[in-house]
Amino acid sequence: MREKLEKFRQMGINPYPNRYKITHRIGEIVDRFKEEYDQQKLESFGEVSLAGRMMSLRLHGKISFAHIKDQTGKIQIFVQRDVVGADFYRNVFKKLDVGDIIGVKGHLFRTKTGELTVNCKEVTLLSKVLRPLPEKWHGLRDIETRYRQRYLDLIVNEDSRRVFEIRSEVIRLIREYLVSKGFVEVETPMMQPIPGGAAARPFVTHHNALDIDLYLRIAPELYLKRLVVGGFDRVFELGKCFRNEGISSMHNPEFTMVEFYMAYADYRDLMELTEDMISSIVKKIHGITKITYQGQELDFTPPWRKVSFYEALVEIGGVPESVIHDEKRARELAKDLEIDVDTIQSHGKVLGEIFEKTVEDKLIQPTFVYDYPKDISPLAKSKEDDPDLVERFELMVAGREIANAYTELNDPLDQKERFLQQLRERAAGDEEAHRMDEDYIVALEYGLPPTAGEGIGIDRLVMLVADAPSIRDVILFPTLRPERDE
RNA sequence: GGGCCGGUAGCUCAGCUGGUAGAGCAACGGCCUUUUAAGCCGUUGGUCGCAGGUUCGACCCCUGCCCGGCUCACCA
């Protein structure tokens, strides 16, 4: 292939020309003429100029067929020696490789078999491939190569491309939905002096000029609520967050989250909004609200099941009721479940662990689990009638957490207490406990209206909608260990 | 981090408890004016993930390492 490149150059053909004018994208043409079988009408449309990557090539002596593909579609091209010239046909066209990017000019027609085809008057090499594409029939199967060289995966595996089209669509629909409800999109720091808003270990980096450490955000939460204090009382941010933790089919160190905050709303309101938003997204993408995920049916038709955290433990997890209000029994049960209970501080945390072990993977259909223990929810507002619980819900689907929401704690004194409690847990060895953020307390002292906020894991949502088994399948370039130089 | 599985030609895969590596596609040369996994004839292509070891002999057995997948642990 490199030799051909040289030969082309010697013939005076630039294998990487700077520009080529196209009249249409391939999909436009395919779409416009998909019902048109009248050769006369195709002919009278005039000449088109299309460009794309050559995906197949069938040489038949003096004539050839090939397919070219761009982002929007694929079309057959037909090249005759007697039209493009014997010299060009022999020395240039026949030397092209599958994978080359070419431009073609010619009229449209239908072949004997009825396929819409460009009858090429002119073929131009636009970019020469120097490496063969993965095999056309089996595609690229090797999962590692698909992640490391995603471009090859995208060229060759239509399914993979479709996943990322769906991803783009989901993100667009979320934006449209929130904007239509009066939310304003904002951008807050990804590099934060105090990483807040979630229980997770952060990545650390250093700013030279200021000579300070900064942390990649684990969540935008505290900044967004500062904006609500500032009067942006419906805001959202959609973007990357970073957590310095394990990698699995459900976790990538950098992942995409949308967080939104709505003043004068509580967590009940957000349940409704979430149901409405997600079910409408599923419907827009699939046409219906029932989808198949990895062989099981998921029904997103509202209303969704709602079950309190305690109910879930007892009714779904099969946990004895006595455990719920008896820390000692809870710890005993946790031990039986092989949970390492010694490093866990509070009753609520123990219950949280038991929940994960006994309930989580049983929640297949979209389910809101609500009213969580206070001590695993340091930013959520207490329930008015039960000081041990907070107004918080998580949306569980297919055994995973998809969203987390609560009525925001807007009492600065209570918030300060909660931070202090987190500091004690941090001192006791919990690296994921929240840090004190004095400036955030000050913001609250200026008055955060009653507000509800939510975060939705976009990657996980896309996994469901696109029927992808691993988070790596919905992230274009998932985090991998770099290959070492030989 | 533990367990299990995998890494053989550019791609997809074979390779028998050990005898010196094979197919299809791609590539290269040729034939072919309606093909679409085009066809036909011919040719080329490999440090078998890396490094050691055992053996007369290792893709195969052993040890260590690298990369990946699943899973458990950890973890939104």
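Below, chains carry the letters A, B, ... as their sequence lines are ordered, and counting in each starts from 1.
One can place CD1 of A:Ile63 at 13 Å from C1' of B:rG39, the figure rounded to the nearest angstrom. Rounded to whole Å, the distance from CZ on A:Phe78 to P on B:rU33 is 11 Å. Remark: C1' of B:rG29 and CG of A:Leu59 are 13 Å apart, rounded to the nearest angstrom.
Nucleotide B:rU54 is matched to nothing when pairs are restricted to Watson-Crick or G-U wobble geometry with both distances under 3.5 angstrom. With a 3.5 Å ceiling on both atom-pair distances, the Watson-Crick or G-U wobble partner of B:rA27 is B:rU43.
Here the separation of B:rA23 from B:rU63, taken at their C1' atoms, is 34 Å to the nearest Å.
Looking only at atom types and distance, the side chain of A:Gln76 has no donor-acceptor partner in the side chain of A:Arg110 under 3.5 Å away.
Comparing A:Arg58 and A:Gly61 by the nucleotide of RNA chain B that holds the closest heavy atom to each, the one mapping nearer the 5' end is A:Gly61.
Among the heavy atoms of the strands lying under 4.0 Å from A:Arg148 are primed sugar atoms or P, OP1, OP2 only; no base atom is included. A:Ala198 comes within contact range of no nucleotide atom at all, as no heavy-atom separation falls under 4.0 Å. Within the 4.0 angstrom heavy-atom criterion, no nucleotide atom of any strand lies near A:Ser56. Within the 4.0 angstrom heavy-atom criterion, only backbone atoms of the sugar-phosphate kind lie near A:Lys136; the bases stay farther away. A:Lys7 comes within contact range of no nucleotide atom at all, as no heavy-atom separation falls under 4.0 Å.
The backbone N or O of A:Gln71 sits less than 3.5 Å from a side-chain atom of A:Arg161, completing a donor-acceptor pair.
Results of the side-chain contact (heavy atoms from CB on, under 4.5 Å) test with A:Met463 over A:Ile458, A:Val474, A:Asp473 single out A:Val474 as the only residue that passes.
Listed by first and then second residue, the side-chain hydrogen bond (donor to acceptor under 3.5 Å, both in side chains) pairs involving residues 351-364 of chain A amount to none (not counting sequence neighbours). Listed by first and then second residue, the salt bridge (Lys or Arg N to Asp or Glu O under 4.0 Å) pairs involving residues 76-92 of chain A amount to none (not counting sequence neighbours).
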Practice task
Can you check each nucleotide of nucleotides 2-14 of chain B against protein heavy atoms at under 4.0 Å and return B for base, S for sugar-phosphate only, - for none, in 5' to 3' order?
Solution key: --------SBSS-
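Listed nucleotides: B:rC70, B:rG68, B:rA27. Nearest to the side chain of A:Arg481: B:rG68.
Under a cutoff of 6.0 Å and an axis angle of 45°, A:Arg435 and A:Phe419 do not form a cation-pi pair.
When ring centroids are compared, A:Phe393 and A:Phe309 stay outside the 6.0 Å threshold.
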